[in-house]
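Whatever order the structure lists ligands and atoms in, that order sets their numbers, starting from 1.
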Amino acid sequence: MTHVAAQNPARPQADSSKALYGGKGTRRITVRDIAAAKERGEKWPMLTAYDAMTASVFDQAGIPVLLVGDSAGNCHLGYESTVPVTLDEMIMLSSAVVRGTSRSLIVGDLPFGSYQEGPTQALRSATRLVKEAGVTAVKLEGGERSAHQIELLVQAGIPVMAHIGLTPQSVNAFGGYPVQGRGEEAAQQLRRDAKAVQDAGAFAVVLELVPAELAAEVTTALHVPTVGIGAGAGCDAQVLVWTDMAGMTDGRMPKFVRQYAALRESLGDAAKAFADDVVGGAYPAEEHSFH
Ligand code: KIV
């Protein structure tokens, strides 16, 4: 006898063809799709990307949202932190990622110094990312302190992903990358920040390095999705820097990273094998030669 799964007729089954990850859609994901996923209770993945080729791999793997993060500073451009990254650099990287993708929603990061002066500067910078790079949305750091910027961008028709908790552009003020929201006062500030960015119109909020219990509480309280990084399993979405996720980054990994490949080792091995073949005369072989 064929087993038929019991269904509750009072609760319609979610339409899995609409899923952000694993669904059937081929058009570019929109912020409305993101809102619908929160209503369905669907969890989704986000990765960073900084170039067209890597972005096309993630797009074809079905990753629904790609962030051209200013983590490009450390992971792509060779800076010590995200602080030196410029708006022109973000536009160049973001436009490559847009060109390499057809389905993923592309979020471009506003770098340090491109929005802190106030809403007018934020609008000028975000407009450049949208018009020149073709991103669908922008991300900026800060809760209550960035609410006016978010409000003006949203009024102007630019979707905004907020970023609270550990905000890496403030590394010099934090004196490192400490977990945020620990203790009652800090937790209250995080709750206020989350509410402020939602009220300002952000379509999603990154929670970075926040205790899991607090992140889960904020996720339940908000009607927009939370995207966790070092914020536990209770968030609606999870993001990792792609070079961390794929084992490409050199050095010690933060506690929250799980590595799904060992690309750095594979690439180094490939480079050494190529070099050995060249030095030993094994490459190029006859089949690689023209006559
Ligand atoms: O720049 C970045 O990659 C980020 C993510 C870590 C959220 O802000």
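Contacts between Val227 and ligand 1, counted as non-hydrogen atom pairs separated by less than 4.0 Å, are absent for every part of the residue. Only side-chain heavy atoms of Thr48 come within less than 4.0 Å of ligand 1; its backbone N, CA, C and O stay farther off.
In this structure, Lys195 does not pair ionically with Glu144, as no charged nitrogen and carboxylate oxygen lie closer than 4.0 Å. Taking the charged nitrogens against the carboxylate oxygens, Asp88 and Arg128 do have a contact shorter than 4.0 Å, which makes a salt bridge. A salt bridge does not link Arg103 to Asp59: none of the charged nitrogens lies less than 4.0 Å from a carboxylate oxygen. The pair Arg264-Asp250 meets the salt-bridge criterion, since a charged nitrogen lies less than 4.0 angstrom from a carboxylate oxygen.
Here is the list of ligand 1 atoms found below 4.0 Å of a heavy atom in His163: 7 (C), 8 (O). Every atom of ligand 1 is numbered from 1 in the order shown, and the set under 4.0 Å from a heavy atom of Gly69 is 1 (O), 2 (C), 3 (O). Listed by number with element, the atoms of ligand 1 under 4.0 Å from a non-hydrogen atom of Ile229 are 6 (C).
Some N or O of Asp70 is nearer than 3.5 Å to an N or O of ligand 1, by distance alone.
Looking from atom 3 (O) of ligand 1 to the surrounding protein, the closest heavy atom is Ser71 OG, 2.5 Å. The closest protein non-hydrogen atom to atom 7 (C) of ligand 1 is Leu67 CD2, 3.8 Å.
Distance alone, capped at 3.5 Å, is enough to place a donor-acceptor pair between the Thr86 side chain and the Glu89 backbone. Under a 3.5 Å cut-off, the side chain of Arg99 and the backbone N or O of Ala52 do not form any donor-acceptor pair.
Under a 4.0 Å heavy-atom criterion, Lys139 is in contact with ligand 1.
For CZ of Arg192, the number of neighbouring non-hydrogen atoms (other residues, nucleotides, ligands) closer than 6.0 Å is greater than 12.
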